[in-house]
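Note that ligands are numbered from 1 as they come in the structure, with each ligand's atoms numbered from 1 the same way.
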Amino acid sequence: MTRNIVFNVLDIRRGTTVDGPGLRTSIYLAGCTHACPGCHNPDSWDFKGGVTMTLDEIMEVIDDEDFNVTLTGGDPLMHPHTLPALIHAIKERGKSVWLYTGYTIEQIEADPLLAEAVTEVDTIVDGPFITTLRDPDLLFRGSSNQRIIDMHERHHLHI
Ligand code: SF4
């Protein structure tokens, strides 16, 4: 039944190197309400954007490649009821999951629904994009307020 869950997908990039370590399959899920000034992609805010794909269809693409997976958008955590099933399916394949979100880790941990949604995530890149803190030299993130958080060790990775 969970296999019939539908997501609005803006894009899927295979073998990208900019959304986490190594070659990854990046899934861009539509929808975001953070409205960060200077957002790299305001078109991603529309929850009805992109194309609809079932969980199985997304997994077919992921299974096509021997890559770990990054979930981004938009903000994947705008879908806390459906996202865990996708994360679980990816983890069942033994792949690591990086998650980009405009929420801070403190906001996630303070919200039971969001906290539950990230229980199987390996790494979170957190926080809104802040134009004044933009730094093109940062690896895997846009502004210096954003942190790369190892969810197993609960510490910030300084990479
Ligand atoms: S969280 Fe990301 S997608 Fe959402 S407004 Fe901010 S930069 Fe844009």
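In this structure, CD1 in Ile27 is found 10.0 Å from CZ in Phe7, a value given to the nearest 0.5 Å.
Near Ser44, with a cut-off below 4.0 Å to any heavy atom, the atoms of ligand 1 are 3 (S). When each atom of ligand 1 is checked for a heavy atom of Trp45 under 4.0 Å away, the hits are 5 (S), 8 (Fe).
The minimum heavy-atom distance linking Ala30 with Phe47 is given by the pair CB-O, 4.1 Å.
If you check which protein heavy atom lies closest to atom 2 (Fe) of ligand 1, you get His40 CE1, 4.1 Å.
Neither side chain, Asn8 nor Tyr28, offers a donor N or O lying under 3.5 Å from an acceptor on the other. Side-chain contact of Arg13 with Thr70: a donor-acceptor pair under 3.5 Å is absent, judged by distance alone.
Seen from the ring of Phe129, Arg134 does not count as a face-on cation partner, given the 6.0 Å and 45° thresholds.
Grouping the Ile, Leu, Val, Met, Phe, Trp and Tyr side chains by contacts below 4.5 angstrom, directly or via other members, places Leu99 apart from Phe67.
Excluding water, every protein N/O/S atom under 2.8 Å from atom 6 (Fe) of ligand 1 is given here by residue and atom: Cys36 SG.
A salt bridge links Arg14 and Glu65; the closest N-O separation between the charged side-chain nitrogens and carboxylate oxygens is under 4.0 Å.
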